[in-house]
Structure formats: structure tokens, C-alpha cells
Amino acid sequence: MKEINLAVQVIEALRQGIPPQRGVQRYSVGHDRLIEGIKKRHLHEISNRGIIRFINGSWGAGKTHFFKLLQDVAFENNCLVSNVELNVNDAALNKFERVFYSIIRNVNTPSCFKETTSYNITSFGLVLKESLAYLATGSRIIKNEIPYEHYTRASEALLSNHNIDIDFKKIIQQYWRTHLPEAADLAIQEQTRAELLQWFSGEGVLGNYRKRFGVNKLVTKDNAKLMFQSLAGFVKLSGYKGLLILFDEAEQAYSIMRKSALKDAHNNLLSLINNIETLTGLFLIYATTPDFFHDPKHGIVVYGALSGRIGKPEHRAPRALDMIWNLDAIENNLTDFQEAGRKVLELYQVAYPDAKTELPSIDKVNAFVGELYDNHPTHSSIRFWRLLVTALVTLFDDHLEGEVRDTVQLYDDVMERIREV
């Protein structure tokens, strides 16, 4: 039943023209070698290393798809994942304290990967609750009531860890206390948990936090990187292999920064690179467009030290050990596209097991993909991958409904629909 539910969820997302929250591996092609290299060269040793890599890709190159693929792989390897959109309003890199809070706010756990529902309702609060169970029992199975001895055992492990800031520890302890049997009623518990999680944002009145929770500071620009190191330590203490942080730079976010803000952003990025080896258990991936590397006004070329550490994208298929994974250099052929067609067909066969005979054969799917490939202009503004996935879903839906269009008509209808989005 879970396989059917997952297949249906993937198809529903593709029908809407968006990457699914999970299950991207079920239809992805063309990244196999790079993903295997990432698992072997990076994720296998992530608990003992800090890693940073960059992704270069023009708009529509598949950065979001690749992020979803990395997310699935990270969950399978017992890592937490945080997706962070870097933008000037909520998480600008020149304000690392805001970036830190965005990382905290967007963390998801491997347990979510195993579920076919409630994937999007997770938060750092779930990480904290799972960590309490793990440190007390060695298992992340969460029970409704937490015995006091479990809280004591987890607190002892937390307080004995010297890689975590003392106030970071106090906030976690206080959060754990809200799960004890003698805690206040549910409404008060939820309010207290929200206030504790808000501490990571750096907002609020220090006097109130000091009085209620015993902390002596808030998260600020000056200590945000220290808190980042504490987060790395806490992730490992809690039994996760590591934390994958997927930074997605919003469109031209850096280009509208003031000169001083851009310098601060570059300095923070350089600091991350220079100190990544001390952030064991963290895997940082920064996705951006070619302008980030080449723009003479706002790109890293204006900062020699940063540009020297990162380099420039090479026009060849990306390899795991490269500093920059250049998605623009990936060249797919008809065989790759036909393999994607086979995978989407298999999704339909799983999702609708009673309708397998109504779906086209693999030979017909291959022929359909070939016709699409031949009809699509090489220099079209709409990438073939986007057309292909939408067209495949439309084709299989047509077969299930018993109203199959010819390839030319289907192509025109799909292109019109994509242009309207």
C-alpha cells in the first residue's frame, strides 16, 4: 500500500508540473554516476567530515530536481536535511543569524522519508523530540509520555557534550521538559515549545528568556556561527549521520544587495569554506546560476580570495569530488529520455495496478518519446525535460481515460499548457 501511495503522490506532483516532495529517484535519470559518487565520497564519511560543494545551473537546468534527489539519498543515509532559500528578505547570506534560523526552521528528518503522509509538517521540534528518545533509549520511537528517567538520561548525555553551546543546551533541555508527564496542559506546552524554538531566531527579549529558561544570550550576528557549530555537534550527538543543507540562491538575490551587504555575504561564504573542516557532520551545497561565478559587479570574481577558493565551473560532466557540479554541462540523449519514459510508466503501473492493460507498451512509449524529441526545437525556450515529463503524464492519463491523442496534438496541447504557467 505504501508503494502505491508513493507512486500516486509522485504522479500527482508531476501532473501539476512540480517536483514531488519524495520519490524523485523513481523517475530520475542522468545523475546516477554523480549520485553514486556523492554517496561513496561524501555521505559515507559525513559524520567525520565537513563538506561544501557548489552547483552551477541556468534557470531550468534542474537544480530543484537535483536537490530533491539529494534529499532522498540523504534520508536513506540517516541524515537530516534542511532546504534554505537564500534571499534578501528572510535569509540573506550577509546576515548569517537569519540563515542559521532558516536552517533550523526547515530541517526534516529521515523518519519523514519513511512516511507517505504528513511529510510537510515536520520541524526542528520533531528533531528535538526524536533526539530525546534516542539519547534515552537508543531508538527514535516516540511515545506519548516521556518518563522522567529518560529525560535525565538524555540531559546527562547533552550536558557532557563540549561541542555544544551552554545556552543551546538549555533551550533543548527546556523543550524536552515540555514532554514530561508533569508538564502543563497541552495548550501551554505548545505555546512554550513555540517560544523555545523562537529563541533560535534571535528575536525576543533576553530578560524574558533569562528569567524563564535560564539562558544568558540570544542568537546574534556575533555568535551565529558558534551556534552553527553547536547544531553540528547536536546532530551527531542525536545519532544522525549528519545534516545536509541545501542552499538555493534566489534569482539574482546578490545583485540587489548594497555593496557593503554583498561584501558581508562574500565574507560569510569564505568563512564557511575556510572553517568547513571543523563542522563535522555538515554537508553544505550551494546552488546558483552562472552569474554568481562570472558577473563583474556582483559575482565572486570581485573578491579574489573567494573566487580562488571556489573556482569556475568546468564544461564537463560533474564528478563528486569537483568543487562545482556543473549541471549545465550534463548532456542527455534520446536513450536517457526513453529511460525516463520507462520509469514513469512503471510508476503508473504501481499506482494503478488494475489498469496495467490499458497503459501503452514500453515499445510504444519509446516511440512516443522519440517523436517528441524529433518535434521539439533544439533552441526552444522550454527545456525538453520539462516537456517530456508533462507529456508522459498526459499520455498515460489519456490511455487510462481511453481518449488517446496523436503525438502532434498532444505535443501542441502540452506546450500551450506549459507556456501558460
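For the single chain, residues carry numbers from 1 onward in sequence order.
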Flag the pair W385 / F337 as yes when their ring centroid distance falls below 6.0 Å, and as no otherwise.
yes
Inspect the contact between E190 and R193 and indicate whether a charged nitrogen and a carboxylate oxygen are less than 4.0 angstrom apart.
yes
Within 6.0 Å of NZ in K312, more than 12 heavy atoms from elsewhere
no
F124 pairs by side chain to side chain contact (heavy atoms under 4.5 Å, CB included) with which of L231, L80, L196?
L231
Does T137 reach the main-chain N or O of A133 with its side chain, forming a donor-acceptor pair under 3.5 Å?
yes
Measure the shortest side-chain to side-chain distance between V107 and V81 over non-hydrogen atoms and say whether it is less than 4.5 angstrom.
no
Heavy-atom check, side chain of L334 versus side chain of Q338, under 4.5 Å
yes
Verify the ring-centre separation between Y27 and H65: is it less than 6.0 angstrom?
yes
Tell me, yes or no, whether the heavy-atom count around K241 atom NZ, taken from other residues, nucleotides or ligands under 6.0 Å, exceeds 12.
yes
Between the side chains of R316 and E314, is the shortest nitrogen-to-carboxylate-oxygen separation below 4.0 Å, so that they form an ion pair?
yes
Y240-Y134 aromatic ring centre distance below 6.0 Å
no
With a 4.5 Å cut-off on side-chain heavy atoms, are L128 and L197 touching?
yes
Are the side chains of L272 and K225 in touch, meaning some heavy atoms are under 4.5 Å apart?
no
Find out whether the Lys NZ or Arg CZ of R98 is both under 6.0 angstrom from the six-membered ring centre of Y101 and within 45° of the ring's axis.
no
Side chain of N106, backbone of S102: donor and acceptor closer than 3.5 Å?
yes
Could you label the plane-to-plane angle of the F96 and F228 rings as parallel, tilted or perpendicular, counting under 30° as parallel and over 60° as perpendicular?
perpendicular
Hey, can you tell me if W176 and F234 have their rings parallel, tilted or perpendicular (30° and 60° cut-offs)?
tilted
Can you tell if the side chain of K129 reaches within under 4.5 Å of the side chain of H179, non-hydrogen atoms only?
yes
Heavy atoms, side chains only, cut-off 4.5 Å: are L70 and I35 in contact?
yes
Answer yes or no: does atom CZ of R319 have more than 12 heavy-atom neighbours from other residues, nucleotides or ligands under 6.0 Å?
no
May I have the step-by-step check of side-chain hydrogen bond (donor to acceptor under 3.5 Å, both in side chains) for T280 and K236, ending in yes or no?
CA-CA 9 Å; T280 58; K236 292 178 62 179; 3.3 Å; yes
Kindly indicate whether the side chain of Y209, heavy atoms from C-beta on, has any atom under 4.5 Å from the side chain of V205.
no
Any idea how H31 and F66 line up, ring-wise: parallel (<30°), tilted (30 to 60°), or perpendicular (>60°)?
tilted
Given side chains that start at C-beta, do those of K263 and N94 come closer than 4.5 Å, heavy atoms only?
no
Set out, in order, the CA-CA distance, both residues' side-chain angles and the distance that settles side-chain hydrogen bond (donor to acceptor under 3.5 Å, both in side chains) for Q198 and S201, then state yes or no.
CA-CA 5 Å; Q198 191 68 20; S201 73; 3.2 Å; yes
With no hydrogens and no angle check, is any side-chain donor or acceptor of S82 less than 3.5 Å from a backbone partner on I103?
yes
Any side-chain to backbone donor/acceptor pair from D72 onto G23? Under 3.5 Å, distance only.
yes
Check this for me, if you would: do R26 and E346 make a salt bridge, where the nitrogen-to-carboxylate-oxygen distance has to be below 4.0 angstrom?
no
Here the pair of heavy atoms bringing N78 nearest to R140 is OD1-NH1, 3.8 Å
With a 4.0 Å cut-off, would you call E420 and R417 a salt bridge?
no
R153/E156 salt bridge by N-O under 4.0 Å criterion
no
Main-chain N/O of T220 paired with N223 side-chain donor or acceptor, under 3.5 Å
yes
Parallel, tilted or perpendicular: rings of F200 and F168 (30°, 60°):
perpendicular
Pair K217 + D165, salt bridge at N-O below 4.0 Å
yes
